[in-house]
Undergrad: 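Questions regarding the structure given below will be posed in turn.
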Amino acid sequence: MGAKSCGDYRKPMKSYKIQGIEWFVEDEGLIPVLRNVVIPDGSHGRSYVIADYNDSQIFIKSFKEKGLPGFIRNRISSRGKREYRLGNFLLSRSIKTAKPLGYGVSRMGSYIIQKWIEGRSLLTVFKESEHHSELLEMLAVFLKILKMHHVRHNDLHSDNILVCDEQLYLIDLHKTRIKASFTLLDEASNLSHVLVNIYSYLDSDEKSAFFASYGNTGIQGLVEQEMDRLANRWIRKKKERAFQETSMIAVRGNRFYITGMESKAVGGLQRVIKVDRKIRVEQYTDHIRKTYASRHRLERAWRNHVVLAYMNLSIAPTAFYVERPGDGSMGSITMENLQGKGQELDRYLDGKYDTMATHERRRFIARLTDFLLMITRKKIIHKDMKACNVFVFHEGGFMLLDVEDIRFRALDEESLKRMLIQLNTTIPRRVSTGDRIRFFLQFTSPMKLDKKAIFSAVVRESMKREIVYEGVDRLKREDW
């Protein structure tokens, strides 16, 4: 079904033309502010400015239109005007949003003027809160109200809901539609967009409680499918743009830098760490350079680095830039140097395990399983989970190495078995059976699967293999 009219919520407005922008405002007291403030032109897409107004502040956001379709849209129904009218509609239904004060239209763009909200994004508050249940209850009620009034936002990620004075405010309305009827897919759209960034923080009880509070437990499966689709699409788009100038990528000749890293990696060569048919790893005074024989593996590694940068997830060495292959030269990725900050897991256990007290071993296992469960909840796996690809920091944290082997998908049963077998056969034999079982039980405890069958399969396959790992001083091979 199509969208229904929001009605005519325009109050008596006055029109003023200032520097090529025609402004429509409810209060002419805004005009001096508009004359004196530098209005964002939207040359980088959407941009905004905050200005003082009376005893508060206003928020002016610009929308830049591109090409003939954008020009036509701007003439017929500009995004600034649309957000103004939608804001008034929501307020008329007691749905909290930024109070719209006016809008503007120029030749190739539009603008919205709103009262500034001193709030924080739902995602930020959720990450910092120790009371998820209260926040989830508030969110469920808020989403039920949107459903009641047939409001489909179409971009309802958790940064487009602000928390202010323990109330939720809906913002960024220009894609919103007020539907004539509200279908199951409309519900799933709102729910999946807002949950996709916080769902991995919830345990199964919290997930069930949220949908119960929302009043539709039967929609949980559909929402989870839609969240998977949204996450996969987001990752695909970030990968596709990994070799383009974006807000995250700065292009300098044949190099593509993570924004802000342009001045990094200027030191001299110290030594060659590793050379084989696939890679060459060199240590410089202030960075590591990894050169790839395969262009495919180079590009996959860089795309993975870019996705992790967008996710703001420090689970792998920070990448500075990639240099694509040139005439007669192979491509390389330059990244932070972890030298002196810790050791790979196999070397760490070879050197430390025998001197660790029982409580230290148990604490180490708990930290390692917490790290692996965290990346699993975020639907990240590593296809080559040998102990040499897990880095242990002196202060207790962990990272994954060989970023080209990271995959952004859920951990299925076969991937879990492969991961456990790889870890089990690349750590010293003297790591006790009890500690190996403790790790298995803690790591698999949240997973709904046949743990006995998986444990038996891991043991059976491990016993067929030789234990191979990099010790403190040399490569070691051991029999069970």
Undergrad: Looking at Glu262 and Arg255, is any side-chain nitrogen of the basic one under 4.0 Å from a carboxylate oxygen of the acidic one?
TA: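 Looking at Glu262 together with Arg255, the answer is no, because their closest N to O distance does not fall below 4.0 Å.
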Undergrad: Taking the side chain as everything from C-beta on, heavy atoms only, tell me whether Lys264 gets closer than 4.5 Å to Asp286.
TA: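 Side-chain contact under 4.5 Å: no.
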Undergrad: Is there a side-chain contact between Val37 and Ile58 (heavy atoms, below 4.5 Å)?
TA: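 Result no, sub-4.5 Å side-chain heavy-atom pair not found.
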Undergrad: Under 6.0 Å between the ring centres of Phe398 and Phe391?
TA: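 No, the ring centres sit 6.0 Å or more apart.
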Undergrad: For the pair Asp402 and Lys290, find out whether any cationic side-chain nitrogen is under 4.0 Å from an anionic carboxylate oxygen.
TA: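 Salt bridge between Asp402 and Lys290, a charged N being under 4.0 Å from a carboxylate O: yes.
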Undergrad: Spell out, as yes or no, whether a donor-acceptor pair under 3.5 Å connects the side chain of Ser15 to the backbone of Phe24.
TA: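 Looks like no, no N/O pair under 3.5 Å.
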Undergrad: Is there a side-chain contact between Val194 and His157, using heavy atoms and a 4.5 Å cut-off?
TA: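 Not in contact.
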Undergrad: Could Lys175 and Asp172 be called an ion pair, given the rule that one side-chain N must be under 4.0 Å from one carboxylate O?
TA: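 No, this pair does not count.
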Undergrad: Tyr84 and side-chain hydrogen bond (donor to acceptor under 3.5 Å, both in side chains): which single residue from Gln114, Glu26, His174, Arg79 fits?
TA: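 Single side-chain hydrogen bond (donor to acceptor under 3.5 Å, both in side chains) partner of Tyr84 among Gln114, Glu26, His174, Arg79: Glu26.
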Undergrad: Which class fits the ring pair Phe126 and His132: parallel under 30°, tilted 30 to 60°, perpendicular over 60°?
TA: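 The rings of Phe126 and His132 lie parallel, inter-plane angle below 30°.
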Undergrad: Tell me whether the guanidinium CZ or amine NZ of Lys238 lies under 6.0 angstrom from the six-membered ring centre of Tyr310 and within 45° of its axis.
TA: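 Yes, Lys238 lies over the aromatic ring of Tyr310.
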Undergrad: Just to verify, which of Thr176, Asp186, Asn190, Thr183 counts as forming a side-chain hydrogen bond (donor to acceptor under 3.5 Å, both in side chains) with Arg152?
TA: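 It is Asp186, the one option of Thr176, Asp186, Asn190, Thr183 that forms the side-chain hydrogen bond (donor to acceptor under 3.5 Å, both in side chains) with Arg152.
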Undergrad: I need the full list of salt bridge (Lys or Arg N to Asp or Glu O under 4.0 Å) pairs touching residues 130-140, with sequence neighbours left out, sorted by first then second residue.
TA: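 Counting only pairs at least two positions apart or across chains, no salt bridge (Lys or Arg N to Asp or Glu O under 4.0 Å) contact touches residues 130-140.
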Undergrad: Strictly below 4.0 Å, N to O, side chains only: are Lys237 and Glu240 in salt-bridge contact?
TA: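 Not counted as a salt bridge, because no side-chain N and carboxylate O are separated by less than 4.0 Å.
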Undergrad: Which salt bridge (Lys or Arg N to Asp or Glu O under 4.0 Å) pairs, counting each pair once, include a residue from residues 187-211, with sequence neighbours left out?
TA: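 Found Lys147-Glu187.
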Undergrad: Salt bridge check: are Arg295 and Glu299 linked by an N-O gap of less than 4.0 Å?
TA: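 Counted as a salt bridge, because a side-chain N and a carboxylate O are separated by less than 4.0 Å.
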Undergrad: Heavy-atom distance under 4.5 Å between the side chains of Lys341 and Glu336, does that happen here?
TA: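 Of all side-chain heavy-atom pairs linking Glu336 with Lys341, at least one is under 4.5 Å.
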Undergrad: Just one of Phe408, Trp302, Trp234 clears the side chain to side chain contact (heavy atoms under 4.5 Å, CB included) bar with Lys239, so which one?
TA: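 Filter result, single survivor: Phe408.
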Undergrad: Atom CD of residue position Glu128 - does it have more than 12 heavy atoms of other residues, nucleotides or ligands inside 6.0 Å?
TA: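 Atom CD in Glu128 is packed in, count exceeds 12.
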Undergrad: Is the backbone N or O of Leu170 less than 3.5 Å from a side-chain atom of Thr97, with the two atoms forming a donor-acceptor pair by type?
TA: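 At least one qualifying donor-acceptor pair exists.
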Undergrad: I'd like to check Lys383 versus Gln422 (side-chain heavy atoms, cut-off strictly below 4.5 Å). Are they in contact?
TA: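 No, every pair of side-chain atoms sits at 4.5 Å or beyond.
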Undergrad: So which atom in Val403 and which in Asn304 form the shortest heavy-atom distance, rounded to 0.1 Å?
TA: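 Heavy-atom minimum between the residues: O-ND2, 2.9 Å.
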Undergrad: Closer than 3.5 angstrom, by distance alone: can the side chain of Asn337 be matched with the main-chain N or O of Ile288 as a donor-acceptor pair?
TA: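 Judged by distance alone, no pair lies under 3.5 Å.
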Undergrad: Is the closest basic N to carboxylate O distance between Lys17 and Glu22 below 4.0 Å?
TA: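 Result for this pair is no, no salt bridge flagged.
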Undergrad: Within 45° of the axis and under 6.0 Å from the centre of the six-membered ring of Tyr321, does NZ or CZ of Arg252 qualify?
TA: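 Because its charged atom misses either the 6.0 Å distance or the 45° angle limit, Arg252 does not stack over Tyr321.
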